[in-house]
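Take a look at the structure set out below.
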Amino acid sequence: MIKQRFQILIAVFFMVITAVGCASKRAGHIPDKLNSILWVQSSTEYQMVATQSYLLAKVLLDRGLEDNNWTAAVEQLEDYSQLPPAIIVDVDETVLDNSAYYARLEYAGTYWDDDLWNNWVLEVYASAVPGSVEFLQYAQSKGVMVFYVTNRSHEHEKATRSNLLSLGFPISDQVDTLLTRREKRNWNSDKTSRRSFVAEQYRIILLVGDDANDFVTGTKNVSSELRKEVLDKYQEYWGEKWIVIPNPIYGGWEFALYNSKSGLSDAQKFEIKFEGMDTLE
């Protein structure tokens with residue numbers, strides 16, 4: 001019954017798109033990120049939950065500074081008790097808000113566009129996630145080194161640094177604290193190698209991110225069931241040493257819905273999401 005309703009919905013949608021023709025800004029795209037983009041851009045609730053996440057991070061940072069045996073990184077295996085303190089934060093949707101870029105994608109009628117992303121990064125227009133600047137400035141004031149571990153490509157490091165500095169984010173002028181993808185040969189999209197790199201010289205007190213890959217390996221490009229299985233092993237870290245910033249727009253959770261299938265059309269992705277809902281019927 002649900003599938004039949006979905007097929008009718010798709011048919012009606014494409015009839016409307018055909019009728020509208022070139023007048024449509026979405027060019028046949030099935031928009032499914034409108035609510036999530038608007039929630040981030042306009043809701044007080046998003047501002048509240050992001051701010052409270054960083055207020056919690058401040059409390060936990062102080063707690064971690066008092067305990068030399070405290071670490072948030074599972075990669076930190078050797079004695080770290082005497083290492084200087086640090087925190088690791090993701091960049092996109094953790095400290096930088098790129099919702100305007102995703103709004104542009106909605107208008108362009110696509111899920112992703114490399115040229116649009118390149119232009120967006122070089123514009124240095126991303127705003128700060130609520131509470132992020134204040135928290136990281138506080139961490140710096142407590143003598144904590146702030147590392148930004150991002151999957152932005154290394155070619156975008158200069159623009160990303162400029163964007164962060166323009167918003168007041170602390171960046172060391174003595175240590176490379178902006179660790180981008182492919183900056184070193186083994187620094188791929190899985191962030192384990194970069195967390196390990198930081199853990200060699202610093203005691204990592206907190207991890208802050210918007211995606212499971214920001215915290216532990218084994219959660220990228222795998223099924224929803226496997227992601228849950230991996231993360232269930234580390235429940236004692238949640239809200240204690242790992243702080244998750246809400247991101248309803250995109251993430252590993254979405255790719256998990258597709259069961260790692262590549263080359264799917266927009267309509268196929270929409271169908272998978274539609275059929276993946278649980279109506280309890």
Side-chain angles (χ1 to χ4, degrees), residues 9 13 16-17 20 23-58 89-138 148 150-152 156 159-160 162-169 208-214 238-239 242-257 266 269-270 272-274 276-278:
L9 175 64
F13 174 82
V16 172
I17 289 298
V20 174
S24 173
K25 293 181 179 180
R26 288 172 287 280
H29 173 56
I30 303 174
D32 69 337
K33 297 183 182 294
L34 294 178
N35 275 2
S36 56
I37 292 170
L38 290 169
W39 187 73
V40 169
Q41 292 185 339
S42 64
S43 77
T44 304
E45 288 80 4
Y46 171 70
Q47 184 175 8
M48 290 168 64
V49 73
T51 300
Q52 76 178 10
S53 296
Y54 278 113
L55 289 174
L56 172 61
K58 182 178 177 181
V89 296
D90 172 51
V91 171
D92 295 314
E93 278 49 73
T94 298
V95 298
L96 290 184
D97 173 6
N98 300 291
S99 60
Y101 163 71
Y102 288 95
R104 294 181 185 185
L105 290 183
E106 287 291 305
Y107 275 101
T110 184
Y111 278 93
W112 184 262
D113 185 284
D114 288 334
D115 291 335
L116 283 178
W117 174 249
N118 183 65
N119 292 339
W120 167 255
V121 173
L122 296 180
E123 287 174 13
V124 191
Y125 277 176
S127 58
V129 170
S132 58
V133 174
E134 295 81 359
F135 167 67
L136 294 182
Q137 288 179 346
Y138 176 78
Y148 304 86
T150 174
N151 273 341
R152 290 190 175 197
H156 288 149
T160 302
S162 296
N163 203 158
L164 291 168
L165 287 171
S166 70
L167 295 168
F169 286 104
V208 186
D210 68 299
D211 188 272
N213 186 50
D214 297 326
W238 303 1
W242 295 354
I243 302 296
V244 182
I245 306 301
N247 175 13
I249 300 176
Y250 68 92
W253 62 269
E254 183 177 1
F255 291 104
L257 297 176
D266 291 351
K269 290 178 180 178
F270 184 82
I272 290 172
K273 290 179 179 180
F274 193 93
M277 293 188 297
D278 188 355

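Worth saying up front: this structure is predicted, and the values here are computed from it rather than measured.
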What orientation do W117 and W112 show, parallel under 30°, tilted 30 to 60°, or perpendicular over 60°? tilted
[X] to [Y] - nearest heavy-atom pair and separation:
X	Y	value
P246	V49	CG-CG1, 3.4 Å
D97	V129	N-CG2, 4.0 Å
Y54	P130	CD1-O, 3.5 Å
L257	I272	O-CG2, 3.4 Å
H156	T160	O-OG1, 2.7 Å
V133	A128	CG2-CB, 3.8 Å

Is any NZ, NE, NH1 or NH2 atom of the basic residue among E254 and K273 found under 4.0 Å from an Asp or Glu carboxylate oxygen of the other? yes
Salt bridge present between R152 and E93 (N-O < 4.0 angstrom):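 Here R152 does not pair with E93 in a salt bridge, since their nearest N and O are not under 4.0 Å apart.
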Validation row: [X], [Y] side chains within 4.5 angstrom (heavy atoms):
X	Y	result
Y101	I37	no
P248	V40	yes
I243	L56	yes
D90	N151	no

Around Y125, counting heavy atoms of other residues, nucleotides and ligands shown, do more than 12 lie under 6.0 Å from its OH?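 At most 12 heavy atoms, drawn from other residues, nucleotides or ligands, come within 6.0 Å of this atom.
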Give a yes or no on this: more than 12 heavy atoms of other residues, nucleotides or ligands lie within 6.0 Å of atom CG of N35.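 Atom CG in N35 is not packed in, count stays at 12 or less.
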So does [Y] get a backbone contact from the side chain of [X], meaning a donor-acceptor N/O pair under 3.5 Å?
X	Y	value
Q137	G168	yes
K58	F135	no
N118	D114	no
T94	V91	no
S42	L38	yes
D214	D211	yes

One pair to check against side-chain contact (heavy atoms from CB on, under 4.5 Å): L105 and L116. What are the steps and the verdict? CA-CA 8 Å; L105 290 183; L116 283 178; 3.8 Å; yes
What distance do [X] atom [atom1] and [Y] atom [atom2] have between them, rounded to the nearest 0.5 Å?
X	Y	atom1	atom2	result
D32	D266	CG	CG	8.5 Å
N163	L96	CG	CG	5.0 Å
Y111	K269	OH	NZ	6.5 Å
Y46	T51	OH	OG1	9.0 Å
W120	N98	CH2	CG	6.0 Å
L164	S132	CG	OG	9.0 Å

The criterion is ring-ring contact (aromatic ring centres under 6.0 Å, His included); which residues satisfy it with Y250, sequence neighbours excluded?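 Checked Y250 against ring-ring contact (aromatic ring centres under 6.0 Å, His included); matches are Y102.
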